[in-house]
Amino acid sequence: MAAFLRPGERQPGAFGVSFDADRGNAGTAVLHNPNARLALSDQRRRLPVFEHRREILYLVEHHAVTVIVGETGSGKTTQIPQYLLEAGWCASGRMVACTQPRRVAAMTVAARVAEETGGVLGREIGYAIRFEDVSTPDVTKIRFCTDGVLLREMLDDPLLTRYSVVMVDEAHERSMATDTLLGLLKKVLRRRPDLRLVISSATLEADKVAAFFDTATLRGKAAAAAGGLRRTPALLSVAGRCHDVQVHYLEQPAPDYVRAAVTAAADLHATGLPGDILMFLTGQDECEAAVRMLEEEARRGRRERASGLRLMPAALYAGLPAAAQLAALEPPPRGYRKVVAATNIAETSVTIPGVCYVIDCCYAKVKVYDPLSGMEALLAAPISRASAAQRAGRAGRTRPGHCLRLCTEAAFAELPAASVPEMQRAELAGTVLQLKALGVDNIMAFDWLAPPPAEAMVRALELLHALGALGDDARLTRPLGLRISELPLDPRLGAALLAAGRLGCAGDMATVAAMLCVQSVWFAGGGERRALEAAKEKFAVAEGDLVTYLNVWKAWEASGRSGRWAHRHLVNHRTMLRAADIRRQLLQHLWRLGIKPEEVEGSDDAPVRRALAAGLFHNAAQLAETTYESRDAAFAGTHVYRLLRSTGPGLPPRLRIGAASVLARTRPQWLVFYQVQLGAGGFHDMTDVAAIEPGWLPELAPHMFHYVRDAARG
DNA sequence: GAGCACTGC
């Protein structure tokens with residue numbers, strides 16, 4: 001284990017510096033906005049972006065695309081849309097759109113801008129996120145929205161004619177939605193020379209984005225259509241307003257980064273210097289382990305020293321109930337130092353005030369997709385340097401801070417500069433279907449910001465074809481393919497919902513689909529595993545998790561959607577409310593399509609399982625006849641399932657029912673599953689499982705009939 | 001006996 005700064009040490013520890021320089025700031029660690037008493041208009045002028053106001057307006061006027069590199073605190077998100085409004089870009093009924101990757105961001109930024117303009121949110125300044133359109137037609141001038149909402153809007157208005165400028169914020173995060181939107185916007189620009197794009201991004205990605213939009217070499221019609229407009233994107237840098245963060249490395253690699261992070265936090269704590277600590281780990285189990293170890297440290301610390309700060313550890317991850325998440329964000333009571341052990345959620349989604357120290361294990365769990373087998377897996381992998389910089393920045397929001405990376409400087413230099421865009425490591429069916437619905441027929445030739453692997457595109461086309469969404473010519477089928485593309489669901493669930501309409505159980509299927517869209521309905525955190533098992537048992541049925549969800553929903557409905565009922569049954573009430581929102585939205589779509597939301601009477605859930613099989617037949621599996629033989633006793637006797645479809649060359653994935661499934665003990669002969677995770681021993685753990693009858697498959701999925709017929713005979 | 005990065009329509 002590397003040596004860290006010890007209590008009372010004067011000389012530099014493994015960090016390479018001492019923290020004494022910060023002692024003078026001991027009294028100023030309070031959150032304080034020095035401009036709080038200034039009028040809002042004066043505050044606006046003090047933002048770094050204000051100095052570039054005229055330049056930005058000039059560039060937007062003369063360039064089709066302007067790429068802004070704005071660091072945190074520059075004010076770009078709130079100010080640039082206002083500058084555009086003031087300069088007349090919202091005349092003649094058009095709007096400025098500003099997209100955000102996350103719902104909360106769209107809402108909070110809109111609220112802030114409405115306040116600055118002295119207006120009521122939803123009038124001149126509005127926002128639109130799923131379930132919530134707080135804007136007024138013909139009145140709203142600036143509309144903040146999630147990038148997903150703007151993509152959906154393009155289905156009705158492919159040229160985005162309501163907008164004069166689209167600002168795509170946080171483009172460097174390179175989410176699927178952002179990448180898709182940028183690719184489509186490039187096409188739109190060719191047809192709409194009057195449209196302007198403003199893209200905000202961090203340095204590294206800004207160059208890539210600018211190069212992508214550089215059409216200066218275009219000849220002929222496209223160039224002529226551009227008129228006097230410059231086709232080379234303008235690139236502008238705006239300074240941020242955040243504090244310096246000093247970065248430190250280990251002298252020796254740490255074999256166990258959870259232990260190393262806890263030791264580092266304890267050593268930092270022992271210096272007595274003020275400021276909260278944020279540590280980045282990869283998952284729930286690591287965060288909870290770190291909290292337990294820190295609590296142990298705290299107990300020892302209390303015995304050793306009666307004076308000084310006390311440790312207050314907290315875990316923070318997305319699966320945590322809302323109340324526990326909020327508790328981790330609150331400032332600690334006087335005399336306490338908060339140490340938050342967080343996953344990637346703290347990198348972009350959540351900001352923890354008061355953090356002065358970041359301890360970064362330099363790993364994160366990332367989704368990887370194997371287009372050959374069509375299996376997704378979650379693996380802990382080293383992060384990129386860009387990601388590490390973002391994490392380090394979390395220490396400098398209120399005052400100068402420090403970041404300790406739990407690797408050597410040499411190892412850090414070996415990390416990739418940027419992360420692989422999600423588009424290149426995810427399953428593509430939904431995105432491909434959306435593009436098809438927008439008239440992009442040749443997916444392989446689409447101008448991707450980052451082209452996905454060809455194999456992944458082929459898999460997506462195959463799946464969509466098997467679902468009946470694409471015809472033999474790979475074009476969108478009507479009405480089926482168009483309908484699936486319009487549903488705000490994974491195409492497989494969309495297909496299942498429409499099949500349910502034919503089978504007379506669309507209402508039930510909408511429930512199951514909504515429950516599959518939300519995170520686990522079971523109450524997480526606290527670690528009372530046995531109690532949770534008992535709670536699940538009450539709803540569990542031999543037909544699997546998907547029917548169990550239906551039972552939970554019906555019981556929750558019968559209780560009058562009671563929060564107390566949910567609490568008593570260890571069901572997450574907030575998750576249920578969100579599922580209710582999604583279900584309501586799905587029912588609206590069904591109503592528009594003229595499909596009755598019928599629910600099956602009594603306990604006959606076969607129609608729902610048939611509908612599920614109609615969407616999930618791609619993930620149909622059969623219990624293998626022999627149990628798995630392994631030299632490793634832990635895996636011997638595991639009940640292995642095999643996919644019914646072929647997975648190409650290489651060993652077929654060994655599937656088993658995940659521990660979270662209610663079928664973990666029952667093991668039906670035939671099943672379909674919604675998700676799969678790479679687990680211990682190289683097994684793929686199936687979650688969200690439904691038992692099926694093999695005879696259903698040929699009639700529900702005639703495209704794959706030959707696999708099924710062969711398997712059913714066996 | 002077993003276990004879950006993060007978003008979004």
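Letters go in sequence order (proteins before strands), and every chain restarts at 1. Only this structure's heavy atoms are used, side chains among them; waters, hydrogens and symmetry mates stay out.
Spacing between atom CD of A:E422 and atom C1' of B:dG8 amounts to 9 Å, rounded to whole angstrom units. Distance CZ (A:R102) to C1' (B:dG8): 10 Å, rounded to an integer number of Å. Atom pair A:F683:CZ and B:dG3:P shows a separation of 12 Å (rounding to whole Å applied). Rounded to whole Å, atom P of B:dC9 lies 17 Å from atom CG of A:L438. Spacing between atom CG of A:D285 and atom C1' of B:dA5 amounts to 11 Å, rounded to whole angstrom units. Remark: C1' of B:dC6 and CG of A:L320 are 15 Å apart, rounded to the nearest angstrom. Rounded to whole Å, atom P of B:dG8 lies 11 Å from atom CE of A:M107. Taking atom CD of A:E170 as the reference point, atom C1' of B:dG8 lies 15 Å away to the nearest angstrom.
Taking CZ of A:F280 as the reference point, atom CG of A:N344 lies at 7.0 Å (rounded to 0.5 Å).
Minimum atom distance to the side chain of A:K365 is reached by B:dA5, of the listed B:dT7, B:dA5, B:dG3. You'll find that the side chain of A:L378 is closest to B:dA5, out of B:dG8, B:dC6, B:dA5. The nucleotide whose nearest atom lies closest to any side-chain atom of A:E533 is, among B:dC6, B:dC9, B:dG3, B:dG3. The side chain of A:A659 lies closest to B:dG3, out of B:dG3, B:dT7, B:dC4. Looking at the side chain of A:R667, the nearest of the listed nucleotides B:dG1, B:dC4, B:dC6 is B:dG1. Listed candidates were B:dA5, B:dG3, B:dC6. Nearest to the side chain of A:K536 is B:dG3.
A:I345 comes within 4.0 angstrom of the backbone, heavy atoms only, and of no base. Residue A:V366 is out of contact with every strand shown, counting any heavy-atom pair closer than 4.0 Å. Looking at heavy-atom distances under 4.0 Å, A:L151 makes no contact with the nucleic acid at all. Residue contacts shown for A:R152 include a base, since a base heavy atom lies under 4.0 Å away. At a threshold of 4.0 angstrom between heavy atoms, the contacts of A:A177 with the nucleic acid are absent.
Stacking of A:R654 on the aromatic ring of A:F683 is recorded, both the 6.0 Å distance cut-off and the 45° axial limit being met.
OP1 or OP2 of B:dC9 sits under 4.0 Å from a side-chain N or O of A:R103. Between A:T146 and B:dT7, a side-chain N or O to OP1/OP2 separation shorter than 4.0 Å is absent.
A donor-acceptor pair shorter than 3.5 Å cannot be found between the side chains of A:S384 and A:S387.
Side-chain contact check for A:T161 versus A:Y163: every heavy-atom pair is 4.5 Å or farther apart. Contact check for A:Y641 versus A:Q622: no side-chain heavy atoms found under the 4.5 Å cut-off.
When each of A:R578 and A:S349 is assigned the nucleotide of DNA chain B with its nearest heavy atom, A:S349 is the one assigned upstream, toward the 5' end.
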Quiz item: Would A:R102 and A:E170 satisfy salt bridge (charged side-chain N to carboxylate O under 4.0 Å, His left out), going step by step from the backbone distance to the final call?
Solution: CA-CA 10 Å; A:R102 280 168 291 280; A:E170 315 282 1; 5.4 Å; no

